[in-house]
Structures are given as structure tokens and as C-alpha cells.
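When reading the values below, keep in mind they use all heavy atoms of this one structure, side chains included, and skip hydrogens, waters and symmetry mates. Protein chains get the first letters and strands the later ones, always in sequence-line order, with residue 1 at the start of each. Worth saying up front: this structure is predicted, and the values here are computed from it rather than measured.
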Protein chains: 2
Amino acid sequence: MSSARVGAIRSQSQLKVTSTGSSSFRSPHAPRNSVLLGDNVPLMAGLPAESVDLVFADPPYNLQLANALTRPDQSRVDAVDDDWDKFADFSAYDSFTRDWLAAARRVMKPNATIFVIGSYHNIFRVGAMMQDLGFWILNDIVWRKTNPMPNFRGRRFTNAHETLIWAARDSSCRSYTFHYEALKAGNEDCQMRSDWLLPICTGGERLKDAAGRKTHPTQKPEALLARVMLAASNPGDLVLDPFFGSGTTGAVAKRLGRDYLGLERDPAYAAAARERIAAIEPLPDEAIAAAPTKRSAPRIAFASLVESGLVAAGAMLTDLHGRHRAMVRPDGALALGQIVGSIHKIGALAQGLPACNGWTFWHFESGGGALAPIDDLRTIARASLAAAAE
Amino acid sequence: MSSARVGAIRSQSQLKVTSTGSSSFRSPHAPRNSVLLGDNVPLMAGLPAESVDLVFADPPYNLQLANALTRPDQSRVDAVDDDWDKFADFSAYDSFTRDWLAAARRVMKPNATIFVIGSYHNIFRVGAMMQDLGFWILNDIVWRKTNPMPNFRGRRFTNAHETLIWAARDSSCRSYTFHYEALKAGNEDCQMRSDWLLPICTGGERLKDAAGRKTHPTQKPEALLARVMLAASNPGDLVLDPFFGSGTTGAVAKRLGRDYLGLERDPAYAAAARERIAAIEPLPDEAIAAAPTKRSAPRIAFASLVESGLVAAGAMLTDLHGRHRAMVRPDGALALGQIVGSIHKIGALAQGLPACNGWTFWHFESGGGALAPIDDLRTIARASLAAAAE
DNA sequence: ACGGGTGATGAATCGCCTT
DNA sequence: CAAGGCGATTCATCACCCG
């Protein structure tokens, strides 16, 4: 997506709609870069279907602390005991979960994905409900906390992680956004794993009121949201957060050039989030622009390399070890003895395999008798194509 | 538990009952150190209620493989496609899960706990069902694999972990076994966290047939089972595994001086497991004996220290900084001015806190004017108590 | 014996476009 | 819409062979 488009979307969308919970507005486009006040289910019902690119949801965890929790020094742990985290029983929590998940699914574009974060108190119910509603789980991801709260009673393992579920809208969604190569490049050239080690949100990042009390009990670290958005969204995408809280999703979205839409029931949280996001400075477009990937590179026919003279008709190609030899035909096909076919087909045939990437399998003799893959020639062809387009 | 008791339990239990799946046997005690052949639900129905100390369950994951998967070198991945992992739909899997979980819950002693392992394909359904059946989740634990299979198509995060759910039979179970201090001592004096880093089962540990094929497609590493049993069972305890498979639970139980009961449907798996376990050499009792913990150490009344002369009546105790001073009364109470109470109550009162551990708060003057906690005197008292019991 | 190279393998819901 | 072609894609570990 070009930065021009990003700008256009941003400018159209500073409407700051405020709703009281009824489906009081309808528009062909979802509002962008706003915090909508009210219950998220009717608010989502008021959004156009298939209008958001990514959902991040941090629903109430349904924590069940029977009694007050104290540290060994008898100081009281400031546990989550807000009204929004109280449910009569599992059935009430399931019903709540079904409602918001179904509403979120409706507004997801066909190739959108959703992340939901939770702990063992609620994540199993959330995950089962997602499967029941037709979501297609892509991964579960473990956020390993570098600095979790210890288990003060010494009766359990330190609860040192939370779980995220990443899912597509349904099982047929195959072209969801996933920046595999960028993540790998940023991870020592190793695939990004399903376990992420990140600190919890503390220090200057943690929102506090004038008296020093934390604004929101479960503020998520921006690094977590950043990894989510960098992995599964593009600049200019609309990220919906139906449990906006302190607005971490909005803050990170703005910084990373994504658009956000936050839904929040509590006016105080919404106000704190708006203030927080207003202070965010977006990163420059160059820092955000999606890196070109091999999958997105323009397709080049091997025939065009022959036509342009990068490969001579009649030249012999071999595999890296010189075990197989094939001749380049003027029409861009390869000939292995009497058999003629594409670079891929002939490569597969030569090895007795069902498939083969001919670009990396076949080599030509470059300077000094060294062998180089014909993929190098494709790179040259792509460069001259790009130069011609300037 | 003494090693004598461990020996007694072991000798009673080498019956090796074999059942074909009907509830054909009844006994006041569950059989021990046996593999029972048949469906686990009727087999568990035939066991006495409240007869096992720990359950470890590795149920089918309900993997849903659409197509064959190949590595980048076109080699075929040997996926799990066994009949026992085929379910018509989520509803069939839920029903299967409910049945075996309910049967397992019935045979758990009131303070028994259960570990269930799974992946994102099934663990959410399992966890929700456990909550519905009344299990009380204590932790979810993440087994982080050091050497997971990569994601060959680059379309998702590397699926690098599996999840274990640890639960008590119900929310009222408070005295379940958990060797907090032994785990902490073995973890650089740091609380054991909910994320465990362990390699998958390969190499010599992996059972293979004469042709070199793996005996079981999903054999779990012994290190994983060892951590489970060391954390949540005592020597001589009965560990039930309703999905015994290749018998890792039995092998580790035997090595660690626990008794096992394995339920397995497939005669070939059961036979392989029996052979495997027969070759296991148990560790010596000294290596296994539960380390004494503070909780299990005999309670010592402060009064008994006064009686034995370790503390003199009339002696003054202070906190570490000398801010508070209290006098030892001959009845083992403390006096802070006119107020009299236990070492704990007076310690709390002195600090204005709701509670206080008097053993670590109050200090006495040991040799050379140095202050030492009265807990040191308790340690001495315990040592002489143990010596007297010899 | 040791080291390097090659090959095998593990609970996996693992494409997209054109015709 | 189904079928077929293009062409993109792997990490840690262990076993084995060879020099």
C-alpha cells in the first residue's frame, strides 16, 4: 500500500463519533482513528460488514479470586476486581463471549484475522467458542513475561505467561496478511516462533493518574501490540479493538501507520486513551513501508530471459552438483534428452520428485567455471524491468 | 511418606490385570503398576472411586490435516493420521472428552490433581470442558520445545509449544501435592514458572521397531513427565494415565518410585510399553525421598523453645533494626508493653500490619551482639526433635 | 578417535493464480 | 469452479559415512 493512500485514509476519518450504545449510525465505511463509547456489540452491529483488516481483543478475563490476595509482607495485591470482570457463571461468560465474537466476525474482511488474548481463566472458553463460531485458528501464541508477578502463596507455578489465539475468519481464508519474511529477518534469520518473550507494561509506559494510581488494571505493553500489527497488518489497515481500555492498540496503530477503531464502555478509559493517542508521533513512512517480499515480486517468464539474451538458446544448465544437464530451447523450455518442459517440470523430473523450483535448482556457468543459479539472472531481469518503469 | 510404605505398596501390586474393556473387575484398591487393555472409560468405571493420586492424560489432539505436507526439499512429513485421532466433528470430540474426563474425575482422590496436554487444535475444548465438569484449574503450563518442527510453508508462526492444564478435582481442594520448595531449589532458587523449556523426544529415548520406524507417533519426553511427577506427586503415589501409548508415564513413575496404572486401547502400544517399563531401573530411595519442606516440617510452638531453655523467659526480642522490643513470657507469649500475644500477633501489632511471621520478624542477640532470627532457634529445636526420634 | 558432510525427521489444522 | 501450473518454503538434533 502506498503512503499516499495511507494519508488519504487518515484524513477522511477524524470524525470522533460518539455513540451511547445503540446502533445509531450507519455508514458505508467504518470510522477510523476514533474511540466509540458504548457496548461493543451494538457498536459493531452498526459498522458495515467486512470493513476491518485486523481485530485485537483483550476481553475481561473472568478472574476468580475468592479472597483478597496479599504478598508475604501483607501488602494487598491490587487485583482485578472491577465490575466489568464479574460474571455470574461460566454460562454468562460464554454468552458474553459468543456475542462479541460473532459481532467482530461480521465486520472482519474475508481475509482479516483476529488476535484474542487471555489467561487460563478464560482462554479455553474463548478458544472453544471461536472454533464453534467458525473461526479457523492459525496459531496459539504464548506471551512469556520477563517479569511476571510471583505466586505469593507458593502453591502453584508462577503464572508467567498469557495466551493469544490468532485466527482467520474461516478455514477457507488463505491469503491473510502475514509478514513472514520481515519477522524472520528481525529474528536472526530464524522463523518467528509461537512463544514471545516480552516484559509486562511498567514504568513510563504505564498510564497513571495524578495520584499515581494506574489508569487501567490490565494495560498491555506496546511491544506486544507492535508485534501483532507488524506480523498481521499493513500500513493503512484498519485495526479494530472492541475492548479498547487504555488504548494501547490505538497508540501502536498510530505509531505504525495503521488506522484504529476503539470501542470502550467506560468514558474515563476512553478519555485516557484519546489523550494518550494524541501524544503519539507516527513513525516516518519509510520506517513503516512494507518490505518487498519474494512472493510479491513481479513474475518473470524464463522465456523472457532467453528473448533478452540473458540466457542463450542452446546453453546447457546443470544442477549444483553437475549431476543433471538440460539444454535451453529458444522458446524458453528445457530439454532433458527427448523430454521437453518448463524449468520446474524438468527439474522435478530429473530428481524424480513431485515438484521443483527450477529457478534455484538449475545453474549456469558464470565467470571462471563457477556455477550460479538462474535465479540470479531473474534478479537482473527484474532490476532492468524496474529501471524501465521509472 | 517413608520408604517402608513405598515398598509395601509396590509389593502388593504386581497383578498385571488385563481387561478387554468391559468393567469386568472390582476391587477395593486400584491395580498398580499394570497396563490395562481396553477403552479407558469402562476401565476407569471399574476402578474404585477416589483411588488415584495423580492423573496424566495425553488424549488425541484431533488434528485436521487437509493435505499432505512436504519439506522444502520435497520430502514428505510423516504426519499423525492414525485412526485414533479421527473425529467426525467438534461435537464428537467434545463428547469423547467429556466421557473420559468425567470418568477420570471420579477415580481421583479428593486432593488429587490432573495434567492434560494438548495443542491449539484441542486444548481449548478440553479446558472448557474441564471447567464445566467442575475441575479447578491451578495453572496452564507451556511446554516450549527447543527443537520444534518448523513451519515449512512460511505461512504461520513456528508451532513451538504445547499446553498442559493442571487442575484440582474441584475448587475446594486446597491440600493438593505441590513441591514448591523442591522445584524452587532446583531452579536456581527461583519459583518454577509456567513455561518449561524441554526438547522433544528423539534419539535413543524414542521407541522404534526393528525396522527403525517410530513405535508411537506422539511419544512424550521423559523429562516432561518427570517434572510433572516431581511437582505434583509423592513416592508411592498412584499415577493414572488413561492414554498410556508408549508408556512414558509408567517408565518415569517406576524410575521415580511412583506407582502407575496405564490404560491403553491398542495391544501393540501396550506391549511396547510393558517391555519398555520392564527395563527401567528405579532410582534409589534416598534420591527419591521427598525433601522436607517448611510446610511439612513438624510445627514447633514458641513455648516449647522457652520450656527447653533455648529462649530464656524474660529475654528481650527485637526486630532486625531494633525499632521494636518485646519480652518473652514464660508461657511462650510475648509482651509489648501491656499487650500480650503470640510472636505473630505482637509482631503484626508492632508494625501496624494485619499479619506477621514472628519467626522471621523477631530476633535475639546471638554471640558478639549480632542479631539472629528466632527461626534459627526453631531449626535447632527441630534438629534435636529429629535426633530424639531416632 | 575426531571432525565434517550428508541425510533423516519431528502432534502441522502450512498457496495462489490462470485457464 | 475444478484442475493444473508456477514457484515459494525449514530448525534443531541425531545417525551415519568417510577421511
Check [Y] with [X], please: is the shortest side-chain N to carboxylate O separation under 4.0 Å?
X        : Y        : value
B:Asp132 : B:Arg125 : no
A:Arg144 : A:Glu162 : no
B:Arg213 : B:Asp209 : yes
A:Lys184 : A:Asp189 : no
A:Arg105 : A:Glu50  : no

Looking at [X], I'd like to know if its [atom1] atom is crowded, meaning that more than 12 non-hydrogen atoms belonging to other residues, nucleotides or ligands lie closer than 6.0 Å.
X        : atom1 : value
B:Arg206 : CZ    : yes
B:Glu275 : CD    : no
A:Arg382 : CZ    : yes
A:Lys294 : NZ    : no

Under-4.0 Å side-chain N/O to phosphate OP1/OP2 contact, [X] with [N]:
X        : N      : answer
B:Arg155 : C:dC16 : yes
B:Asn147 : D:dC11 : no
B:Lys214 : C:dT9  : no
A:Lys294 : D:dT9  : yes
A:Lys184 : D:dT10 : yes

What nucleic acid atoms does [X] come within less than 4.0 Å of, heavy atoms only: base, sugar-phosphate, or nothing?
X        : answer
B:Pro148 : base
B:Asn151 : base
B:Trp143 : nothing
B:Arg156 : base
A:Cys356 : base
B:Asp78  : sugar-phosphate
A:Asp189 : sugar-phosphate
A:Ser342 : sugar-phosphate
A:Ile343 : nothing
A:Ser175 : sugar-phosphate
A:Arg174 : sugar-phosphate
A:Arg378 : sugar-phosphate

* Asked: Which stems does DNA chain C form, counting runs of 3 or more consecutive Watson-Crick or G-U wobble pairs with both distances under 3.5 Å?
  ->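 The stems that DNA chain C takes part in, listed by first number, are C:2-10 with D:11-19, C:15-19 with D:2-6.
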What is the distance, rounded to the nearest whole Å, between atom [atom1] of [X] and atom [atom2] of [N]?
X        : N      : atom1 : atom2 : answer
A:Ile346 : D:dG5  : CD1   : P     : 12 Å
A:Phe178 : C:dA12 : CZ    : P     : 17 Å
A:Glu181 : D:dG7  : CD    : C1'   : 13 Å
B:His161 : C:dA12 : NE2   : C1'   : 13 Å
A:His344 : D:dA8  : NE2   : P     : 7 Å
B:Arg213 : C:dG10 : CZ    : P     : 13 Å
B:Ile200 : C:dA8  : CD1   : P     : 17 Å
B:Arg144 : D:dC11 : CZ    : C1'   : 15 Å

Exercise. Record whether the side chain of B:Gln74 comes under 3.5 Å of the base of D:dT9 through a donor-acceptor pair of N or O atoms.
Key: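 Answer is yes: a donor-acceptor pair is held.
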Span that lies between the [atom1] atom of [M] and that of [N], in whole angstrom:
N      : M      : atom1 : answer
D:dA15 : C:dA11 : C1'   : 23 Å
D:dC18 : C:dA1  : C1'   : 14 Å
C:dG10 : D:dT10 : C1'   : 12 Å
D:dG5  : C:dA12 : P     : 30 Å
C:dT9  : D:dT9  : P     : 24 Å

Working note: B:His161 + A:Arg193, criterion side chain to side chain contact (heavy atoms under 4.5 Å, CB included); need CA distance, chi angles, decisive distance, verdict. CA-CA 9 Å; B:His161 73 276; A:Arg193 294 168 43 116; over 6 Å; no
Sequence neighbours left out, what passes side-chain hydrogen bond (donor to acceptor under 3.5 Å, both in side chains) with B:Asp73? Give chain and number order.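 Listed in chain order: B:Ser75.
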Specify whether B:Trp196 and A:Phe157 have parallel, tilted or perpendicular ring planes, treating 30° as the upper limit for parallel and 60° as the lower limit for perpendicular.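 It falls in the perpendicular class, over 60°.
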Is there a residue in residues 215-232 of chain B whose heavy atoms reach under 4.0 Å of DNA chain C, and which residues are they?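 DNA chain C contact set from residues 215-232 of chain B: B:Pro217, B:Thr218, B:Lys220.
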>> Quick check on DNA chain C: between B:Asp85 and B:Phe152, whose nearest nucleotide comes earlier from the 5' end?
In response: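 The residue whose closest nucleotide sits nearer the 5' end is B:Asp85.
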Problem set entry | Given DNA chain C, 5'-ward residue of the pair A:Phe135 and B:Thr202, judged by closest heavy atom |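 In this pair, the answer is B:Thr202.
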